[in-house]
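Working notes for the structure below.
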Number of protein chains: 2
Amino acid sequence: MMQDAKPDAGPGLVQETIGVITQHIRAHELGPGDKLPSESSLAKELNISRTVVREAFRSLAAMRLIDLSVGKRAKVASIDHGAMSLMIEHGVITEQINVQQIYDVRRTIETRTVTLAALRRSDAEAESIMRHALEMQAHVDQADLVMEHDLAFHLDIARASRNPVFVVIVGAFQGVSRQSWPIGWKSRAPGEERASMIATHIGIAEAINAGDPQRASNLMSAHFDDSAKALLLAGLT
Amino acid sequence: MMQDAKPDAGPGLVQETIGVITQHIRAHELGPGDKLPSESSLAKELNISRTVVREAFRSLAAMRLIDLSVGKRAKVASIDHGAMSLMIEHGVITEQINVQQIYDVRRTIETRTVTLAALRRSDAEAESIMRHALEMQAHVDQADLVMEHDLAFHLDIARASRNPVFVVIVGAFQGVSRQSWPIGWKSRAPGEERASMIATHIGIAEAINAGDPQRASNLMSAHFDDSAKALLLAGLT
DNA sequence: TCAATAAACCTGTCATACAGGTTTAAGCTA
DNA sequence: TAGCTTAAACCTGTATGACAGGTTTATTGA
């Protein structure tokens with residue numbers, strides 16, 4: 001099926017094996033859910049040890065290109081933001097990225113997703129988005145609930161954009177957002193300021209429901225201006 | 001230093017070990033270049049086999065959170081688009097993402113990077129961007145050269161935005177762009193159409209150099225409209 | 001003091017083994 | 001013969017031990 005991997009010192013056997021596997025997916029036009037060869041069969045075929053194949057599989061699983069589970073064969077995976085989440089978190093932890101930069105990216109992406117959502121959303125999507133906004137309002141006293149519905153709100157909007165790349169990117173930022181969110185929340189005074197922040201979410205949901213991309217986009221942009229400012233006031237560079 | 005990993009069947013030893021290592025980076029505030037414990041010492045410390053530690057290291061290396069090299073200890077890595085490139089490519093190959101969707105994301109991101117570049121670029125950056133545009137013009141007969149300078153042009157603009165997240169995202173799309181670029185190029189008639197496409201790049205470079213974010217952004221947006229249309233005409237969904 | 005050399009350490013790969021989980025095949029029953 | 005049960009075959013997760021190089025550290029000799 002596939003040729004032997006050359007015993008090349010350069011990239012390393014594992015790296016080459018990763019290449020062989022991705023090539024295999026390409027060549028056989030595998031899609032999500034399709035099964036890959038077993039570790040042992042690959043090892044025999046490529047004349048390498050199972051150790052190497054395993055490390056290649058692990059690498060691909062780390063990038064979420066394949067799914068592993070015990071006893072069963074590896075499967076081609078659906079796209080998912082898990083790996084990208086970790087990368088972003090790592091960038092923040094090692095101080096290569098700061099929170100303001102993330103908010104700039106989020107604003108850029110999400111003013112687009114909200115525009116597309118207003119144009120393309122299904123009725124069910126519009127309703128789900130609105131529901132999250134209303135839940136935020138209903139539980140304004142429970143920060144954790146507000147946060148979860150806030151995150152779900154933004155992710156649902158990305159989904160309604162019908163572009164999976166936006167979904168992945170928005171999802172990828174949720175990990176770090178979970179950490180900075182409480183800071184922004186605390187920096188807003190209970191009462192007026194918090195209510196206004198939630199009102200903006202409801203306004204966005206209404207604009208999406210009304211199919212008004214311009215208004216949705218303006219509100220989203222204002223929301224991010226506001227959030228970035230709140231974090232800045234709280235001392236988050 | 002760290003506690004034993006519980007023999008939990010749930011996430012698996014490797015997954016847990018990945019957690020331990022990222023926690024270690026966090027706890028010790030390690031930055032890019034800092035060294036991690038050796039495989040054997042980690043294995044002994046966590047009472048697990050070196051096999052497990054190795055697979056955890058490989059996973060982190062696949063996500064580009066750490067760098068491995070033979071003989072030397074693993075180091076914390078700088079952010080880099082390698083893993084995200086593979087993820088995107090995988091999404092395209094498995095038909096979970098199409099080229100038009102990628103162009104929408106690129107347009108969204110790059111109308112922002114070009115705006116920031118016009119505001120923040122150093123003189124050296126403005127010059128480098130312009131140079132790539134001029135090289136495209138100078139080698140209009142050699143498609144591969146035009147493409148490489150085109151890609152470098154866009155990446156340099158992202159760098160000039162001074163936001164590493166944009167750089168990673170733009171870089172991540174270059175892999176797939178390399179595959180669709182020739183299609184778009186061929187769909188443009190030699191002479192007028194190709195010259196006009198390159199002229200747009202020069203116009204963008206000029207706008208960045210002139211510090212005119214509005215014009216830069218408009219030109220970039222027009223460029224992506226044009227490119228997406230060219231690919232559509234060539235039959236690329 | 002400094003440079004050459006040896007020792008200690010480290011990663012990459014291999015072979016083997018075994019405990020479970022999963023799929024497949026065989027066999028048995030009705 | 002159809003359907004269910006059970007055993008065999010297969011597969012992944014983890015452990016152990018081994019050895020070839022590459023790298024760092026310590027030693028030694030001038």
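From a predicted model like this one, the values you see are computed outputs, not experimental measurements.
- Ion pairing between a basic and an acidic side chain is recognised when a charged N comes within 4.0 Å of a carboxylate O; B:E125 and B:R159 show no such pairing.
- If you find the closest nucleotide of DNA chain D to A:S69 and to B:G71, the one lying nearer the 5' end belongs to A:S69.
- Judged by distance alone with a 3.5 Å cut-off, a donor-acceptor contact links the side chain of A:R50 to the base of D:dG13.
- Phosphate proximity of D:dC11 to A:R54: absent, as no side-chain N or O sits under 4.0 Å from OP1 or OP2.
- Considering only side-chain atoms of B:S38, the nucleotide from C:dC10, D:dC11, C:dG12 that sits closest is C:dC10.
- Nucleotide C:dT16 holds its C1' atom 15 Å from the NZ atom of A:K44, rounded to whole Å.
- The nearest heavy atom of DNA chain C to B:T51 and to B:S40 marks one nucleotide each, and the one closer to the 5' end goes with B:S40.
- As a whole-Å value, the separation of B:K75 NZ from C:dT11 P is 11 Å.
- In terms of phosphate contacts, B:R73 brings no side-chain nitrogen or oxygen within less than 4.0 Å of OP1 or OP2 of D:dG22.
- What separates CG of B:L42 from C1' of D:dT14 is a distance of 17 Å, to the nearest Å.
- For B:K35 and C:dT11, the NZ to P distance is 11 Å, given to the nearest whole Å.
- Between B:R58 atom CZ and D:dG13 atom P the separation is 17 Å, expressed in whole Å.
- If you take CD of B:E55 and P of C:dT11, they are 15 Å apart, rounded to a whole angstrom.
- With values rounded to the nearest 0.5 angstrom, A:Q100 atom CD is found 13.5 Å from A:I97 atom CD1.
- For the pair A:L36 CG and D:dT12 P, the computed distance is 10 Å after rounding to whole Å.
- Ion pairing of B:E148 with B:R178 is present here, as a side-chain N (NZ or NE/NH1/NH2) and a carboxylate O approach within less than 4.0 Å.
- The distance between atom CG of A:L68 and atom C1' of C:dT22, rounded to the nearest whole Å, is 15 Å.
- A salt bridge does not link A:D156 to A:R131: none of the charged nitrogens lies less than 4.0 Å from a carboxylate oxygen.
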Pair A:H201-A:H154, ring-ring contact (aromatic ring centres under 6.0 Å, His included): steps then yes or no: CA-CA 9 Å; A:H201 281 79; A:H154 287 276; 5.4 Å; yes
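- Where A:S49 and B:K72 meet DNA chain C, the nucleotide closest to each residue was compared, and B:K72 sits on the side nearer the 5' end.
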